[in-house]
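Per chain, numbering begins at 1; letters A, B, ... match sequence-line order.
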Amino acid sequence: MFSAAMEPTNHQIAEQLNLMSELLEIRGENVFKVRAFSRAADIISRYGSPLAPLDEKSLASIPGIGKNIAGKIREIVDTGTFRELEEIKSGIPDSLIELLRLEGIGPKTVATLWTRLSVESIDDLEREARSHRIRALRGFGEKKEESFLKAIAVYREQSGRMTRLEADAVADRVRPAFTPGTYEIAGSYRRGRSTIGDIDVVTTEPAHVINPRLRSLADEVIDEGDKRTSVRVLGKRVDVRFSRPQQFGSMLLYLTGSKAFNIRLREIAISKGFKLNEYGIEDRTAGVRREFSSEAEIFAFLSMDPVVPELREDWGEVERALTRSLPELVRQDAIRGDLHVHSSWSDGRLTIEQLARKGEELGYEYIVCSDHSATLGIAHGLDAEAVGRQSHEIELANRSSSCRIIHGIEVDILADGTLGLPSRTLGDLEIVIASVHSGFSQERDIMTRRVLSAVENDHVDIIGHPTGRILGRRQPYAIDMDRVIDRARETGTALECNASPYRLDIDDVEIRKAVGRGVRIAIGTDAHDPSEFEYMRYGVTTCRRGWASGSDVLNTLGVRDLLEWGS
DNA sequence: GCCGTTTTCGGCCCGACTGTTTTCAGTCG
């Protein structure tokens with residue numbers, strides 16, 4: 001939560017509206033009203049600029065937000081909450097919301113359990129299920145009791161969304177069930193999200209072939225059918241949809257999502273007199289169904305440009321596709337170098353010489369060697385004297401390498417906003433990345449000013465992993481990214497998209513905000529080990545999700561232009 | 001609650017699977 005004196009972030013506003021949606025759902029309110037709140041929350045959490053300063057009229061002009069919700073947003077900004085939310089909260093225990101997180105339990109079930117058995121929490125539910133008091137309710141039976149207990153166990157064991165690496169591990173476990181070339185992994189995995197909830201697969205092989213294979217390699221079969229089968233692997237859900245080859249495009253489109261994108265596309269279809277589903281497109285009057293073996297045919301049929309999976313979030317891409325004005329996104333093959341790697345001079349594994357070889361192998365024009373500075377006991381950080389010695393070694397390596405090692409540093413932004421190396425030393429370096437590695441719990445305004453002083457430092461070229469998040473382990477620190485972005489534009493400082501799958505920092509939402517305001521993005525793998533250079537693809541995907549074009553991304557510059565930019 | 005080149009009222013994406021029912025409600029994606 002936030003103090004009354006401080007303006008709420010879009011994320012905080014969205015959380016309240018989302019809570020409202022869930023409470024209304026438990027109360028059995030009109031599903032469209034429920035959806036309106038949930039949709040508004042979704043839109044707000046991805047909205048490019050802060051809503052807090054906007055008046056009611058401007059808020060209501062945002063698609064998906066009407067007069068009513070606009071008023072509630074103003075209330076949140078002014079008072080920290082809104083009256084209607086407080087009223088409904090006072091009648092429903094907080095702990096009921098958590099019950100909604102259990103697999104197979106939705107608002108109707110929660111309401112029934114609560115009103116009939118006074119179940120208010122997961123612990124209550126477990127007790128009632130174990131003592132077989134649930135099967136006494138109409139519509140509930142033995143199987144439901146078992147599935148509730150199972151859902152509780154899964155919930156307690158699960159640690160939420162997967163990193164890209166964990167998702168790859170789950171995907172690799174199920175791939176052997178499918179014949180190469182006959183399937184595709186869809187869902188948020190295909191859209192390139194920085195974290196993945198579950199794995200979705202579309203296959204053209206029939207269920208009677210695939211189901212036995214899935215059964216043998218899965219840890220658990222959740223449900224099994226001719227059209228869809230769900231299993232659990234490594235504690236994560238894997239959904240498989242079976243499709244005829246001539247309908248593969250429709251099924252892939254449907255299962256890739258996002259949900260919001262699918263809804264938008266189906267609305268477009270309706271407006272043209274069609275019904276769109278995972279089997280094809282039907283003429284609403286004639287009832288004739290057209291089938292599509294590829295997604296491209298569907299987009300063409302709807303008279304829109306094809307939308308790449310990374311953009312499918314209902315974030316304005318549908319309108320742009322209809323007017324054939326989608327942006328040209330940055331591509332992996334336009335990347336000419338890695339802007340953040342570590343060598344054995346600090347905590348990396350490769351020597352300078354080996355970095356150069358690695359860069360040649362990857363076809364890079366350059367690699368920025370950016371070891372840690374020697375502050376705060378970070379493993380083997382470099383002091384001013386070591387930077388000088390490292391410079392000689394880099395010079396030597398560059399004599400015999402087609403990949404130029406650029407002499408950089410990842411210097412600490414200290415708690416007071418000063419940098420971990422003297423100005424003279426930083427002036428000798430070709431590229432300076434400044435990052436926060438300590439004091440994560442500083443108050444928002446202090447942290448923001450701390451990072452701003454690095455942005456304003458003449459020597460600093462790039463702000464490293466700007467929010468400091470570690471996926472699944474550490475929340476982003478409190479920072480006003482809007483102020484950072486605005487100041488970065490004024491000073492020509494780039495923001496990093498740290499491509500490590502444990503970070504992906506900054507993420508799509510901030511990238512779109514930054515490039516929309518003319519701030520360059522620097523993709524760095526932060527590689528400490530030769531295997532980590534391939535993280536570049538995660539960074540490129542994240543930038544594409546943030547609507548970044550080639551010219552928005554520093555890595556597309558040639559070595560000469562990059563050095564000129566950095567000087 | 002939101003929205004409107006048919007509409008300011010009456011719509012709101014669409015289908016699969018389970019468990020509990022005897023034809024469907026609830027949940028999920």
Side-chain angles (χ1 to χ4, degrees), chain A residues 17 20-21 24-26 28-43 59-73 82 84-85 99-113 134-148 150-151 186-189 191 197-202 207 211 221-231 237-243 247 250-251 253-282 284 289 314 318:
Chain A
L17 296 178
M20 183 68 186
S21 162
L24 288 171
E25 212 177 6
I26 290 175
E29 297 275 344
N30 180 315
V31 289
F32 298 108
K33 182 173 173 180
V34 170
R35 190 186 302 169
F37 273 99
S38 152
R39 215 160 69 94
D42 220 50
I43 289 161
L59 288 168
S61 70
I62 298 169
I65 296 174
K67 198 168 155 29
N68 212 300
I69 292 185
K72 299 193 183 346
I73 295 172
F82 56 100
E84 214 181 319
L85 176 66
L99 283 170
L100 287 175
R101 309 279 172 264
L102 299 176
E103 199 170 69
I105 295 189
K108 294 284 194 296
T109 306
V110 168
T112 305
L113 292 169
I134 286 173
R135 61 182 65 172
L137 297 178
R138 180 178 174 75
F140 293 76
E142 200 177 328
K143 291 263 181 63
K144 278 254 198 273
E145 277 177 354
E146 281 168 27
S147 81
F148 290 166
K150 171 73 98 353
S188 56
Y189 185 93
R191 297 204 310 283
D198 63 10
I199 298 291
D200 301 293
V201 187
V202 183
N211 281 340
V221 176
I222 299 169
D223 48 42
E224 185 178 309
D226 289 339
K227 300 192 168 167
R228 191 192 80 199
T229 289
S230 301
V231 298
R237 189 184 175 104
V238 178
D239 291 324
V240 179
R241 283 301 300 260
F242 305 102
S243 171
Q247 298 179 335
S250 296
M251 187 61 84
L253 183 76
Y254 157 70
L255 211 59
T256 298
S258 66
K259 183 179 175 179
F261 176 81
N262 284 348
I263 290 173
R264 286 287 290 122
L265 228 52
R266 287 169 181 197
E267 285 168 357
I268 302 288
I270 289 171
S271 74
K272 294 176 186 286
F274 300 112
K275 186 176 79 169
L276 167 66
N277 61 23
E278 61 262 53
Y279 303 109
I281 297 180
E282 276 172 41
R284 288 208 133 182
R289 180 152 78 202
D314 190 19
V318 175

task = With DNA chain B as reference, determine whether A/Ile270 or A/Lys227 sits nearer its 5' end, using the nearest nucleotide of each.
result = A/Ile270
ask   = Which residue lies toward the 5' end of DNA chain B, A/Asn277 or A/Ala70, if each is placed at its nearest nucleotide?
value = A/Ala70
[N] and [M]: how far apart are their [atom1] atoms, nearest whole angstrom?
{"N": "B/dT22", "M": "B/dG15", "atom1": "P", "result": "26 Å"}
{"N": "B/dC13", "M": "B/dG19", "atom1": "C1'", "result": "25 Å"}
{"N": "B/dG10", "M": "B/dT6", "atom1": "C1'", "result": "13 Å"}
{"N": "B/dG11", "M": "B/dT18", "atom1": "P", "result": "33 Å"}
{"N": "B/dT20", "M": "B/dC14", "atom1": "C1'", "result": "23 Å"}
{"N": "B/dA16", "M": "B/dT8", "atom1": "P", "result": "35 Å"}

Please give, in whole Å, the distance from [N] [atom2] to [X] [atom1]?
{"X": "A/Phe32", "N": "B/dC9", "atom1": "CZ", "atom2": "C1'", "answer": "14 Å"}
{"X": "A/Ile263", "N": "B/dC12", "atom1": "CD1", "atom2": "C1'", "answer": "10 Å"}
{"X": "A/Arg264", "N": "B/dC13", "atom1": "CZ", "atom2": "P", "answer": "11 Å"}
{"X": "A/Arg39", "N": "B/dG1", "atom1": "CZ", "atom2": "C1'", "answer": "10 Å"}
{"X": "A/Leu253", "N": "B/dC13", "atom1": "CG", "atom2": "P", "answer": "16 Å"}
{"X": "A/Arg289", "N": "B/dC14", "atom1": "CZ", "atom2": "P", "answer": "14 Å"}
{"X": "A/Ile281", "N": "B/dG15", "atom1": "CD1", "atom2": "P", "answer": "13 Å"}
{"X": "A/Leu59", "N": "B/dG1", "atom1": "CG", "atom2": "C1'", "answer": "15 Å"}

note = On a heavy-atom basis, the closest approach of A/Ile105 and A/Leu99 is CG2-O, 3.6 Å
Heavy-atom check, side chain of A/Pro107 versus side chain of A/Leu100, under 4.5 Å = yes
ask   = With side chains defined as the heavy atoms from C-beta onward, is the minimum distance between A/Val201 and A/Arg241 less than 4.5 Å?
value = no
ask   = Base, backbone or nothing for each nucleotide of nucleotides 19-29 of chain B, written B, S, -, heavy atoms under 4.0 angstrom, 5' to 3'?
value = SS-----SSSB
Assign [X] to base, sugar-phosphate, or nothing according to its heavy-atom contacts below 4.0 angstrom with the strands shown.
{"X": "A/Gly64", "value": "sugar-phosphate"}
{"X": "A/Ile65", "value": "sugar-phosphate"}
{"X": "A/Arg241", "value": "sugar-phosphate"}
{"X": "A/Asn262", "value": "nothing"}

With sequence neighbours left out, write down each residue that passes salt bridge (Lys or Arg N to Asp or Glu O under 4.0 Å) with [X], or none if nothing qualifies.
{"X": "A/Lys108", "answer": "none"}
{"X": "A/Glu282", "answer": "A/Lys275, A/Arg289"}
{"X": "A/Asp198", "answer": "none"}

ask   = Of the nucleotides B/dT18, B/dA16, B/dC2, which has the atom closest to the A/Tyr279 side chain?
value = B/dA16
Cut-off 3.5 Å, no hydrogens considered: what does the side-chain donor-acceptor table look like for residues 59-69 of chain A, sequence neighbours left out?
| from | atom 1 | to | atom 2 | distance (Å) |
| --- | --- | --- | --- | --- |
| A/Ser61 | OG | A/Ser58 | O | 2.6 |
| A/Asn68 | OD1 | A/Lys72 | NZ | 2.9 |

message = Going by ring-ring contact (aromatic ring centres under 6.0 Å, His included), name the residues that satisfy it together with A/Tyr279, two or more places apart in sequence or in a different chain.
response = none
ask   = Does B/dT8 have a Watson-Crick or wobble partner in any strand here, with both distances under 3.5 angstrom, and which is it?
value = none
